[in-house]
Protein chains: 2
Amino acid sequence: MRLSTKGRYGVTAMMDLAIHDNAGPVTLADISQCQGISLSYLEQLFAKLRKHKLVEGVRGPGGGYRLSRPADQINVAEIISAVDEKVDVTRCNNQGDCQNGERCLTHDLWSELSERLYTFLSGITLAQFVNRPGIHELAIQRDRINGRFILARRQAEMLNQNRQRIN
Amino acid sequence: MRLSTKGRYGVTAMMDLAIHDNAGPVTLADISQCQGISLSYLEQLFAKLRKHKLVEGVRGPGGGYRLSRPADQINVAEIISAVDEKVDVTRCNNQGDCQNGERCLTHDLWSELSERLYTFLSGITLAQFVNRPGIHELAIQRDRINGRFILARRQAEMLNQNRQRIN
DNA sequence: GCTATTCCGACTAAAATAGTCGGAAATACA
DNA sequence: TGTATTTCCGACTATTTTAGTCGGAATAGC
């Protein structure tokens, strides 16, 4: 029973977007560097996330990706489903034709298991995780180590805006 | 997020043993035929189940496999762990060296997820499933279709014993 | 001694995973 | 208008895992 890196990368990356949510779009290059995931591979994953309307892409300089909904309305189950196709442990994709066209003896077990698994994962939202004590501070610290000044950059922008308003 | 056939076959086969628990050892040939799993492959799986002390093999004619503990003391998590190696969704096998030797930002998420997943699967015992209404009857019916008279055979034996006692 | 069964290890085909590559389209900014 | 930055797209490839085969040895009942 395992989660492919696709699913793990997907959730990790979404978490990254959630953490930097109020600081403009996050580029895949940033995520790639920080999390040690190849850029091209991330692109593939984000294509799926976009198709499932979990993220929005912004092209051009200053662009990147942002969550298409607030972090408290995105759960782990949908992310994994989006990139990993399914959260299903039945043999027959829940069609009930597992054994010679009939449902096998254990079909109900797997079906129920899948459902409970999905429910379980649905209960975990991005926000829940991002709001854990210390996570935000840790993220900023990590960003600094990685030479990633997205939060600082955003602060500078806001300062600029304030200055212009004053003038 | 998926369960390999290894895990699924493992649980299905164990379920089979549980259903026929009071009818002497079950041969892999029987399971192979009924569940449509190759015999050699089953042998591999049962080697693991045996190593993890979940089943006991009985060699020779009339032999087969039986559960090494009552069905209410065997849960799905251990079966899957035994044949599928692990129920773990972390990247680092829970070592905490996920990102350049340090624990990644999402390590705790995965770690906790794995734990909850395991706990969840631990809560489901073979007995729970076998004792569902109708399962036993369905199993006997299936056995009959498959020309598998293990339960009937056992009944015959008991009749014999009774007869001998009477004589 | 024959047959049914587990037990064991090495081999293999097919599928999934994880990733690369090359380039096109959009857009901000100079 | 050009250039740099970014997403977007599809085809290709290496590696790993899965699912399975094969041949034969050990054990035990009849």
If you only use heavy atoms from C-beta on, which nucleotide in D:dT18, C:dA18, C:dC7 is closest to the side chain of B:Thr5? D:dT18

Is the phosphate of [N] approached by [X] (side-chain N or O, under 4.0 Å from OP1 or OP2)?
{"X": "B:Ser38", "N": "D:dT21", "value": "yes"}
{"X": "B:Arg59", "N": "C:dT3", "value": "no"}
{"X": "A:Ser4", "N": "C:dT17", "value": "no"}
{"X": "B:Tyr9", "N": "D:dG20", "value": "yes"}

Can you tell me which residue among A:Leu42, A:Leu28, A:Leu45 is in a side chain to side chain contact (heavy atoms under 4.5 Å, CB included) with A:Ile37? A:Leu42

Could you give the [atom1]-to-[atom2] distance, from [X] to [N], as a whole number of Å?
{"X": "A:Arg50", "N": "C:dA25", "atom1": "CZ", "atom2": "P", "result": "15 Å"}
{"X": "A:Phe46", "N": "D:dG10", "atom1": "CZ", "atom2": "C1'", "result": "19 Å"}
{"X": "A:Lys48", "N": "C:dT17", "atom1": "NZ", "atom2": "C1'", "result": "10 Å"}
{"X": "B:Arg66", "N": "C:dT6", "atom1": "CZ", "atom2": "C1'", "result": "13 Å"}
{"X": "A:Leu42", "N": "D:dC8", "atom1": "CG", "atom2": "P", "result": "13 Å"}
{"X": "B:Tyr41", "N": "D:dA19", "atom1": "OH", "atom2": "P", "result": "4 Å"}
{"X": "B:Glu43", "N": "D:dC22", "atom1": "CD", "atom2": "P", "result": "13 Å"}
{"X": "B:Asp30", "N": "C:dA4", "atom1": "CG", "atom2": "P", "result": "13 Å"}

Taking for each residue the nucleotide of DNA chain D with the nearest heavy atom, is it A:Gln44 or A:Tyr65 whose nucleotide lies nearer the 5' end? A:Tyr65

Comparing A:Leu39 with B:Val58, nearest DNA chain C nucleotide closer to 5' gives the residue B:Val58

If you assign A:Gly60 and A:Gly7 each to the DNA chain C nucleotide with the nearest heavy atom, which residue ends up on the more 5' nucleotide? A:Gly7

Residues in salt bridge (charged side-chain N to carboxylate O under 4.0 Å, His left out) with A:Arg59, at least two apart? none

B:Arg50 and B:Glu43 ion-paired at < 4.0 Å: no

Residue list, side chain to side chain contact (heavy atoms under 4.5 Å, CB included) with [X], at least two apart or on another chain:
{"X": "A:Ser68", "answer": "A:Glu56"}
{"X": "A:Pro61", "answer": "none"}
{"X": "A:Ala29", "answer": "A:Thr27"}

Could you work out, with side chain to side chain donor-acceptor pair (under 3.5 Å) as the rule, every residue matching B:Ser32, not counting sequence neighbours? none

Report for the helix from C:dG1-D:dC30 to C:dA30-D:dT1: angle between first-end and last-end helix axes, five pairs each, rounded to 10 degrees. 10°

